Amino acid sequence: MDFIRDILKNEEYQVWVGMFFFLISSLVMYLVYKYALRILKKTTSRTKTLIDDFVIDLLKLPLLWLVIWILLKVFSQTYITSPAVLDIVSNINNILLIMTTGWIIIKMVRVIFYHFQHRLDINSEDNLVARQNLTRMKIFEGIVVGLITMVIVAVCLMTFDKVRAVGVSLLTSAGIAGIIVGLAAQKSIGAILAGIQITITQPIRLDDVVIVEGEWGRVEEITLTYVVIKIWDERRLVLPVNYFMEKPFQNWTRTTSTILGTVYLYVDYKFPVPVLREHLQELLATHPKWDRRVANIQVTDTKQNYKELRVLLSTMNSSTNWDLRTDIREKLIDFIQENYPDCFVKSRITGSVSASDETEVSTPEKNPAG
């Protein structure tokens, strides 16, 4: 007993004893944690909602580290008697505790936003309000997480007395520093302000169909500084948020997803347009992609050798409209080819003797149908 008492009085041995008990306690807490986590997963697997599973997946790792840092603080205060060593360990431990606490707070913020985002149904046909709210939530989630990160970093720095003193001295020159930083980062600040403005005014929203830089695509991601457009061929177009505040672009789903599409056909003057109108109604009567709002054929232009027909079709969204137009274009061309093959565009070569000598020469290579 005296030997053990002498060991415990020795500062070096006290550190090793503290580390030993810390490791043993950490191992025990880890086993308890794994057992409790298994029980919680079994319990949440029986529920219908996915929120509880999401919470467990997010918080399982930061909570484990928080317990470990708490144990380290307890054992360091108990077994480390050297003021210098205790000061170093305490500073490191405080920083780890602050960072882990901030980690948990950020995770909880994500859980809250996930809960509200999960209640939005953006897969419905009329999803305008849902996309508006989802866009706001995504941007504000990034803002809140950024602010929490800044606060956590500031609190960590404030644990050092020297850094705190440096901070006080910097405040005395904050005016000059603020001007320099403002001039150097005016574009970055402008981009962030533009991102906030997009969140409020919402000229674009998540899943909006847009035409940008001549490309058709959907808004896939909106941040405070840039926007990602998923183009129809799986490419991504990344643009600064200032682009949508300074340059014109097309938004096909700004107020509603319904849209009108056009198909142009070029036929001879003698082609009977009413017959094609009747055939169009027959094609659309049972077509699943037509929304039964608009369907007509009009002669929109005349040229020397042909007349232009515009077929106007309506659908619930732009993707469906593309499929409908390509299908109807193909079937209308086939109908003309089968029933009026001589009514495609022709080049007429007129002789100088009389009109009776007029010859018609079909030029399929000049046919601009479709």
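Side chains included, hydrogens not; waters and symmetry mates left out as well; all remaining heavy atoms used. Predicted, not measured: the structure shown is a model, and the values here were computed from it.
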How long is the span from the [atom1] atom in [X] to the [atom2] atom in [Y], to the nearest 0.5 Å?
{"X": "Leu239", "Y": "Lys247", "atom1": "CG", "atom2": "NZ", "answer": "8.5 Å"}
{"X": "Asn296", "Y": "Leu313", "atom1": "CG", "atom2": "CG", "answer": "8.5 Å"}
{"X": "Lys107", "Y": "Ile112", "atom1": "NZ", "atom2": "CD1", "answer": "14.0 Å"}
{"X": "Lys331", "Y": "Thr326", "atom1": "NZ", "atom2": "OG1", "answer": "10.0 Å"}

Under 4.5 Å between side-chain heavy atoms, hopping through other hydrophobics if needed: is there a path connecting [X] to [Y]?
{"X": "Val144", "Y": "Ile106", "result": "yes"}
{"X": "Leu237", "Y": "Val227", "result": "yes"}
{"X": "Ile328", "Y": "Phe335", "result": "yes"}
{"X": "Ile259", "Y": "Trp322", "result": "no"}
{"X": "Val241", "Y": "Met245", "result": "yes"}

The criterion is side chain to side chain donor-acceptor pair (under 3.5 Å); which residues satisfy it with [X], sequence neighbours excluded?
{"X": "Glu220", "result": "Arg236"}
{"X": "Glu234", "result": "none"}
{"X": "Arg235", "result": "Glu215, Asp233"}
{"X": "Glu213", "result": "Tyr243"}

Exercise. If you link I, L, V, M, F, W and Y whenever their side-chain heavy atoms are under 4.5 Å apart, who else ends up in the same group as Val294?
Worked result: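 Val294 shares its hydrophobic cluster with Leu260, Leu312.
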
Exercise. Can Glu141 and Arg110 be said to form a side-chain contact (heavy atoms from CB on, under 4.5 Å), step by step?
Worked result: CA-CA 7 Å; Glu141 179 182 353; Arg110 295 193 183 279; 3.0 Å; yes

Return the minimal non-hydrogen interatomic distance between [X] and [Y], and the atom names on each side.
{"X": "Leu96", "Y": "Thr100", "result": "O-OG1, 2.7 Å"}
{"X": "Ser319", "Y": "Trp216", "result": "OG-CH2, 3.8 Å"}
{"X": "Ile211", "Y": "Phe249", "result": "O-CB, 3.7 Å"}
{"X": "Val210", "Y": "Val212", "result": "CG2-CG2, 3.7 Å"}
{"X": "Ala285", "Y": "Arg292", "result": "O-NH2, 2.8 Å"}

Problem set entry | Carboxylate-amine/guanidinium proximity below 4.0 Å for Arg205 and Asp208 |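 The answer is yes: the pair qualifies as a salt bridge.
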
Determine whether [X] and [Y] make a side-chain contact, defined as any pair of heavy atoms from C-beta on separated by less than 4.5 Å.
{"X": "Leu309", "Y": "Thr300", "value": "no"}
{"X": "His287", "Y": "Asp327", "value": "yes"}
{"X": "Val267", "Y": "Val345", "value": "no"}
{"X": "Tyr226", "Y": "Glu221", "value": "yes"}
{"X": "Trp252", "Y": "Ser318", "value": "yes"}
{"X": "Val109", "Y": "Ile148", "value": "yes"}
{"X": "Lys307", "Y": "Tyr266", "value": "no"}
{"X": "Ile229", "Y": "Val219", "value": "yes"}

Identify all side-chain donor-acceptor contacts of residues 271-284 below 3.5 Å with residues at least two apart in sequence or on another chain.
from   : atom 1 : to     : atom 2 : distance (Å)
Arg277 : NE     : Ile297 : O      : 2.8
Arg277 : NH2    : Ile297 : O      : 3.0
Gln281 : NE2    : Ala295 : O      : 3.3

For this session: Please assess Lys289 against Asn321 for the test side-chain contact (heavy atoms from CB on, under 4.5 Å), listing each intermediate value before the final yes or no.
Result: CA-CA 7 Å; Lys289 297 185 183 297; Asn321 193 273; over 6 Å; no

Exercise. Hey, are Arg325 and Thr320 close enough side-chain-wise for a donor-acceptor pair under 3.5 Å?
Worked result: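 No donor-acceptor contact under 3.5 Å links the two side chains.
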
Exercise. Are Thr315 and Asp291 close enough that a side-chain donor and a side-chain acceptor fall under 3.5 Å?
Worked result: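 No.
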
For this session: Examine Tyr306 together with Tyr269 and report whether their ring centres are nearer than 6.0 Å.
Result: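 No, ring centres 6.0 Å or more apart.
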
Problem set entry | Sole residue of Leu265, Ile336, Asp268 in side-chain contact (heavy atoms from CB on, under 4.5 Å) with Phe344 |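 Option passing the side-chain contact (heavy atoms from CB on, under 4.5 Å) with Phe344: Ile336.
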
Exercise. Arg310 and Asp301: salt bridge (charged side-chain N to carboxylate O under 4.0 Å, His left out), yes or no, with the steps?
Worked result: CA-CA 9 Å; Arg310 187 188 69 180; Asp301 198 4; over 6 Å; no

